[in-house]
Participant: 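Dropping the structure in here first, questions after.
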There are 2 protein chains.
Amino acid sequence: MRRAPLTRERVLAAALELADAGGLESLSMRKVATALGVEAMSLYNHVANKEDLVDGLVDLVFAEIDLPVPGAPDWKGEMRRRAVSVREVLNRHRWAVGLMESRMRPGPANLRSHNAVMGCLREAGFAFRAAVHASSLLDAYIYGFALQEASLPFDTAQDHAEVVEAKQAAVPDLTPFPYLVEVFTEMARAGYDYATEFAFGLDLILGALERAQTK
Amino acid sequence: MRRAPLTRERVLAAALELADAGGLESLSMRKVATALGVEAMSLYNHVANKEDLVDGLVDLVFAEIDLPVPGAPDWKGEMRRRAVSVREVLNRHRWAVGLMESRMRPGPANLRSHNAVMGCLREAGFAFRAAVHASSLLDAYIYGFALQEASLPFDTAQDHAEVVEAKQAAVPDLTPFPYLVEVFTEMARAGYDYATEFAFGLDLILGALERAQTK
DNA sequence: ACCTGAACACCGTTCAAGT
DNA sequence: ACCTGAACACCGTTCAAGT
């Protein structure tokens with residue numbers, strides 16, 4: 001059985017699968033190689049090093065984001081759709097949350113994404129600095145929310161209620177923290193819906209940005 | 001020269017210094033031990049493992065945050081002061097940004113911090129769910145902003161303009177991304193002040209939360 | 001009770017050698 | 001041109017042995 005020739009794309013695809021399954025810390029050159037039926041050193045013919053491999057992975061993640069359309073009539077709708085897409089994408093690739101904004105060598109999908117966001121805001125009438133404000137604020141919220149959401153341990157597929165319960169179990173005595181008692185009991189009782197929570201903050205921010213723009 | 005006996009506090013202090021200097025990836029049990037003039041295995045008498053050590057570090061970071069006071073007359077001022085403090089603290093400990101919300105064993109300073117935030121909002125008249133919304137939104141923004149800000153490479157003390165320039169240098173051709181050309185040229189010309197940018201988003205969110213509460 | 005030497009199962013990366 | 005074996009300088013963690 002002849003095996004397919006190694007390419008950068010095949011290396012990245014295998015690495016993405018590993019990272020999605022076990023997180024960044026379970027991603028090693030040696031494991032990627034094993035997954036491809038090859039020795040670790042062979043990978044260096046297709047990626048410069050691990051940093052370069054991660055750069056490639058992050059751009060694959062950027063490529064999954066649904067882009068806003070510059071010039072579309074409803075800028076809030078465009079920014080909203082894109083924000084929801086970023087959250088979904090980062091839920092599929094939780095290991096990527098902390099890496100999206102830190103690439104020193106942004107890939108084409110990364111550039112395309114930032115260009116589309118700025119373009120959509122500028123064409124909607126935002127002045128340059130106002131567009132920077134809006135884009136920076138929205139990204140901070142989206143990435144920060146994804147960070148909260150992604151912070152479950154990697155090997156488990158627990159839901160939020162279970163995680164809250166496990167955290168509470170690790171606390172020896174809650175009596176000095178009365179307001180947290182309320183949080184723990186309410187969360188256990190009524191649960192917590194990330195999608196709803198995300199939409200609340202997103203619409204609050206979009207509304208405030210609109211008011212600030214037209215004011 | 002007799003050396004001071006090892007304690008959990010001394011282990012954590014040495015580890016904090018290492019992480020602040022070189023980031024998480026330069027923090028190893030062996031290096032912490034070397035810094036303390038001891039063998040790596042000795043640390044295990046004072047921390048359960050590396051995870052436990054990181055838990056301890058994160059709680060040291062939480063302990064540096066200036067807490068809001070439940071019942072204080074100006075809740076916006078309290079939340080603002082605390083948000084600014086979190087940003088400052090995370091600028092001193094950039095390695096911590098991604099770890100603050102992911103601890104499965106929250107330490108006492110962590111609990112105190114969340115308790116104070118919820119307490120301040122509840123005493124200001126926020127209904128329970130509204131307080132959860134507000135706290136979740138504010139933390140998402142703060143951590144997300146800190147994530148953007150922390151994403152410079154660890155070994156350098158570059159400012160934002162230099163980083164933007166370096167990123168641009170890594171892009172072969174910007175012509176397909178006209179809106180990014182504007183960003184790169186404006187950033188190089190007029191710079192970018194993180195503190196101002198942070199305050200803009202923070203005040204926009206606090207204002208919108210106030211309107212949503214009294215509406 | 002606390003510290004350590006040796007060992008195990010891992011890492012990323014290099015380099016010269018193979019095909 | 002691409003793949004690999006051996007090697008180097010690292011990891012976290014265990015366990016039995018020292019004091």
Side-chain angles (χ1 to χ4, degrees), chain A residues 1-58 95-96 98-99 102-105 153-156, chain B residues 1-58 95-96 98-99 102-105 153-156:
Chain A
M1 181 184 121
R2 204 94 210 87
R3 77 174 178 240
L6 226 47
T7 61
R8 183 171 227 266
E9 284 65 42
R10 289 191 63 227
V11 171
L12 290 178
L16 186 64
E17 203 164 334
L18 267 172
D20 286 347
L24 257 196
E25 67 277 24
S26 93
L27 177 72
S28 77
M29 299 298 276
R30 290 164 130 106
K31 281 193 207 155
V32 173
T34 303
L36 291 163
V38 100
E39 297 301 316
M41 313 76 199
S42 307
L43 303 180
Y44 288 85
N45 289 302
H46 303 96
V47 294
N49 47 38
K50 196 180 180 182
E51 168 92 4
D52 181 35
L53 182 146
V54 171
D55 281 349
L57 290 187
V58 168
W95 53 269
L99 305 175
S102 69
R103 300 300 88 197
M104 287 309 288
R105 299 175 168 280
F154 251 112
D155 41 353
T156 59
Chain B
M1 181 183 121
R2 206 95 210 88
R3 78 176 177 239
L6 226 49
T7 62
R8 184 172 228 265
E9 285 65 40
R10 290 191 63 229
V11 171
L12 290 179
L16 186 64
E17 203 165 334
L18 267 172
D20 286 346
L24 256 197
E25 68 276 25
S26 94
L27 177 72
S28 77
M29 299 298 275
R30 290 164 130 106
K31 283 193 205 154
V32 173
T34 303
L36 291 163
V38 100
E39 297 301 316
M41 313 78 199
S42 308
L43 303 180
Y44 288 86
N45 290 302
H46 303 95
V47 295
N49 47 38
K50 196 180 180 183
E51 169 93 4
D52 181 35
L53 183 146
V54 170
D55 281 349
L57 289 188
V58 168
W95 52 269
L99 306 175
S102 68
R103 300 300 86 198
M104 287 311 287
R105 298 176 169 278
F154 251 112
D155 41 355
T156 59

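Quick note on labels: first sequence line is chain A, next is B, and so on, each numbered from 1.
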Participant: Using a heavy-atom cut-off of 4.0 Å across all strands, would you classify L27(A) as base, sugar-phosphate, or nothing?
Facilitator: sugar-phosphate
Participant: What is the distance, rounded to the nearest whole Å, between atom CG of N49(B) and atom P of dT14(D)?
Facilitator: 8 Å
Participant: Mapping S26(A) and M41(A) onto DNA chain C by nearest heavy atom, which one lands closer to the 5' end?
Facilitator: S26(A)
Participant: Tell which nucleotide pairs with dT4(C), taking only Watson-Crick or G-U wobble pairs whose two distances are both under 3.5 angstrom.
Facilitator: dA16(D)
Participant: Can you tell me if R103(A) has over 12 outside heavy atoms packed within less than 6.0 Å of its CZ?
Facilitator: yes
Participant: For a quick test of reading the model: is some side-chain N or O of Y44(B) closer than 4.0 Å to OP1 or OP2 of dT14(D)?
Facilitator: no
Participant: Please give, in whole Å, the distance from dC2(C) P to N45(B) CG?
Facilitator: 7 Å
Participant: Does the structure show a Watson-Crick or G-U wobble partner for dC10(C), both distances under 3.5 Å? Name it, or say none.
Facilitator: none
Participant: In whole angstroms, how far is the C1' atom of dA1(D) from the CZ atom of R8(A)?
Facilitator: 18 Å
Participant: Would you mind classifying the nucleic acid contact of S28(B) as base, sugar-phosphate or nothing, using non-hydrogen atoms under 4.0 angstrom?
Facilitator: sugar-phosphate
Participant: Ignoring backbone atoms, establish whether S42(B) has a side-chain N or O less than 4.0 Å from OP1 or OP2 of dT4(C).
Facilitator: yes
Participant: Where the side chain of E39(B) is defined as all heavy atoms beyond and including C-beta, which of dC11(D), dC15(C), dT4(C) is the nearest nucleotide?
Facilitator: dT4(C)
Participant: To the nearest angstrom, how far is R30(A) atom CZ from dA6(D) atom P?
Facilitator: 13 Å
Participant: Roughly, in whole Å, what's the span from CE in M29(B) to P in dC10(C)?
Facilitator: 19 Å
